[in-house]
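Convention: sequence-line order gives letters A, B, ...; per-chain numbering from 1. Model, not experiment: these values are computed from the prediction.
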Number of protein chains: 2
Amino acid sequence: MSRTTTIPTGIKKRDAIATRAAILSAARQRFLRESYDSVGLRDIAGDAGVDVALISRYFGGKEGLFRDVLLHDKDEGLLRQPLTAAELPAYLAQLVIEDGDEDRQHRMEMFIVMLRSASSPKAGEVIRDLVHLDVLGPLAEIIGDEHAELRANMLLAILMGIGVLRTIMKVDALDGSPAQRAECEYRFRCLFEAALTC
Amino acid sequence: MSRTTTIPTGIKKRDAIATRAAILSAARQRFLRESYDSVGLRDIAGDAGVDVALISRYFGGKEGLFRDVLLHDKDEGLLRQPLTAAELPAYLAQLVIEDGDEDRQHRMEMFIVMLRSASSPKAGEVIRDLVHLDVLGPLAEIIGDEHAELRANMLLAILMGIGVLRTIMKVDALDGSPAQRAECEYRFRCLFEAALTC
DNA sequence: CCAACAAGTCAACAGGTGTTGATTTATTTC
DNA sequence: GAAATAAATCAACACCTGTTGACTTGTTGG
């Protein structure tokens, strides 16, 4: 009686939730590598093995799809909630180095999606809301300083700058031997600490 | 006998260099506020008071126009050449605060143009070349450290991150009273120093 | 088994993009 | 002043975009 039991072979079944998920997944991968404007709905539909029309039907349009990609992955917020100010530098440094569990890499990927499409007017609105509510807010709260807001901005600036450099500008001094990566992590931790204490 | 002497009134004369300059100026202003993909050639042509066809004719296409906008403004490089490592933090901090002469603001604006359009595939190539040759290279040379390359990346990351935050994400904690701006400048100088010394 | 409904397909639309060729207009040169 | 050349205009092009409506097909409920 369950939804997807009959015929485990490749023959497509008619499952609305499954195709919706397929579209969402394909869109996520595309938006991770190209900007909002560059990605066409036909590209996404092709990757998902689905007709283009279904996207507009299921998500109300391109903008709705993009919003859902971001909202679906925001989960419990872009930062791990139980986190003290003292732990912050080490946590962010690991985020930058992309060293860590799958979940942590996932969070960094969301930053990339936002960065890639931030310049697009339509995608920009969605992104700005998310940044303010789910990143800047929690960050400032964790810091709890009197200059918390400014410090949060500085941390985010570093994080985003590295993201831009690595993925968009393709300046990658971070790819290297494990020893190099460890050194990078150390220096970035210092940088984050400086942003918090100076 | 000079090129543009007759009739100083508003009646348009046929001056190829003048219209070329008008297009270039209009394009610069547009690319400063919108991304490569968002800006249409008809928008630029409208601003410049010129027919659209002239753009493709004079610059060989949209991509050529964008390249020329960036190359025209690179002047003597994005960084002031005679600059020591010790002066770097203060210089960059002033760049961030947008406090300084017109020339310095102009340099920061070039960063914005690059950031806005970095995600676009076509514009990306142009930008990446420029970043490597005219920013990262000189920066590393000024630093002259054994970890110069990594440090240069860190400095640029901060610079770009702030640019993204301010102009694209529209997170602006930097606009404020002169006292606030001064405090920001101080903190960012500290941050830049940390990137150079830690 | 058959009607009712949902899921998927197809084709076309309306709008916008950058670019190009033919044409007209102004400026220079002889 | 007439011919030659450069500058600007106009209209259309081919292409691609997201989106919509009508249609077909599979699945489910009575």
K.L.:
What's the closest nucleotide to the A/Arg14 side chain, out of C/dA7, C/dT27, C/dT9?
P.N.:
C/dA7

K.L.:
D/dT9 P sits how many Å from B/Leu54 CG, rounded?
P.N.:
6 Å

K.L.:
Without decimals, in angstroms, what is the distance between B/Ile17 CD1 and D/dA8 P?
P.N.:
11 Å

K.L.:
Taking only distance into account, with no hydrogens and no angle test, what donor-acceptor pairs under 3.5 Å do side-chain atoms of residues 187-198 of chain B form with protein atoms, sequence neighbours excluded?
P.N.:
{"residue": "B/Arg187", "atom": "NH1", "partner": "A/Cys198", "partner atom": "O", "Å": "2.7"}
{"residue": "B/Arg187", "atom": "NH2", "partner": "A/His147", "partner atom": "NE2", "Å": "3.1"}
{"residue": "B/Arg187", "atom": "NH2", "partner": "B/Glu183", "partner atom": "OE2", "Å": "3.4"}
{"residue": "B/Thr197", "atom": "OG1", "partner": "B/Glu193", "partner atom": "O", "Å": "2.9"}

K.L.:
Atom CG of A/Asp51 and atom C1' of C/dA6: how far apart are they, to the nearest Å?
P.N.:
16 Å

K.L.:
Which parts of residues 29-43 of chain A get close to DNA chain D, meaning a heavy atom less than 4.0 angstrom away?
P.N.:
A/Val39, A/Gly40, A/Leu41, A/Arg42

K.L.:
Side chain of B/Gln105, backbone of B/Glu102: donor and acceptor closer than 3.5 Å?
P.N.:
no

K.L.:
Is A/Arg57 side chain donor-acceptor paired with the D/dT19 base, going by distance under 3.5 Å alone?
P.N.:
no

K.L.:
Look at the side-chain heavy atoms of Ile, Leu, Val, Met, Phe, Trp and Tyr, link any pair under 4.5 Å apart, and say whether A/Phe111 and A/Leu133 land in one connected group.
P.N.:
no

K.L.:
Can you sort out the partners of A/Ser117 under side chain to side chain donor-acceptor pair (under 3.5 Å), two or more places apart, ordered by chain and number?
P.N.:
none

K.L.:
What pairs with A/Tyr36 under ring pair (Phe, Tyr, Trp, His ring centres under 6.0 Å), at least two apart in sequence or on another chain?
P.N.:
A/Phe66

K.L.:
Any side-chain to backbone donor/acceptor pair from B/Arg128 onto A/Ile168? Under 3.5 Å, distance only.
P.N.:
yes

K.L.:
Counting only side-chain N and O atoms of B/Thr19, is one of them less than 4.0 Å from OP1 or OP2 of D/dA7?
P.N.:
no

K.L.:
My understanding is that only residues two or more places apart in sequence, or in another chain, count here; which of them pass salt bridge (Lys or Arg N to Asp or Glu O under 4.0 Å) with B/Asp37?
P.N.:
none

K.L.:
List every contact pair, protein side and nucleotides 2-5 of chain C side both N or O, where the distance is under 3.5 Å.
P.N.:
none

K.L.:
Salt bridge check: are B/Arg20 and B/Asp68 linked by an N-O gap of less than 4.0 Å?
P.N.:
yes

K.L.:
List the residues meeting side chain to side chain donor-acceptor pair (under 3.5 Å) with A/Arg28, not counting sequence neighbours, and say none if there are none.
P.N.:
A/Asp73, A/His106, A/Glu109

K.L.:
Atom CG of A/Asp15 and atom P of D/dT27: how far apart are they, to the nearest Å?
P.N.:
11 Å

K.L.:
Only pairs at least two apart or in different chains count here, so list each salt bridge (Lys or Arg N to Asp or Glu O under 4.0 Å) that has a residue in residues 150-169 of chain B.
P.N.:
B/Asp145-B/Arg151, B/Arg166-B/Asp172, B/Arg166-B/Asp175

K.L.:
List in chain and number order the residues that pass side chain to side chain contact (heavy atoms under 4.5 Å, CB included) with B/Ala27, two or more places apart in sequence or in another chain; answer none if no residue qualifies.
P.N.:
B/Phe31, B/Ile44, B/Leu65, B/Val69

K.L.:
Report yes if a side-chain nitrogen or oxygen of B/Tyr58 is closer than 4.0 Å to either non-bridging phosphate oxygen (OP1 or OP2) of D/dA8; otherwise report no.
P.N.:
yes

K.L.:
Are A/Tyr186 and A/Val96 linked, directly or through other ILVMFWY residues, by side chains that come within less than 4.5 angstrom of each other?
P.N.:
no

K.L.:
By a strict heavy-atom criterion of less than 4.0 Å, which residues belonging to residues 59-67 of chain B are in contact with DNA chain C?
P.N.:
B/Gly61, B/Lys62

K.L.:
So how far off straight is the helix from C/dC1-D/dG30 to C/dC13-D/dG18, going by the axes through five pairs at either end, to 10°?
P.N.:
10°

K.L.:
Considering residues at least two apart in sequence or located in another chain, which fulfil the side chain to side chain donor-acceptor pair (under 3.5 Å) criterion with B/Glu34?
P.N.:
B/Arg30

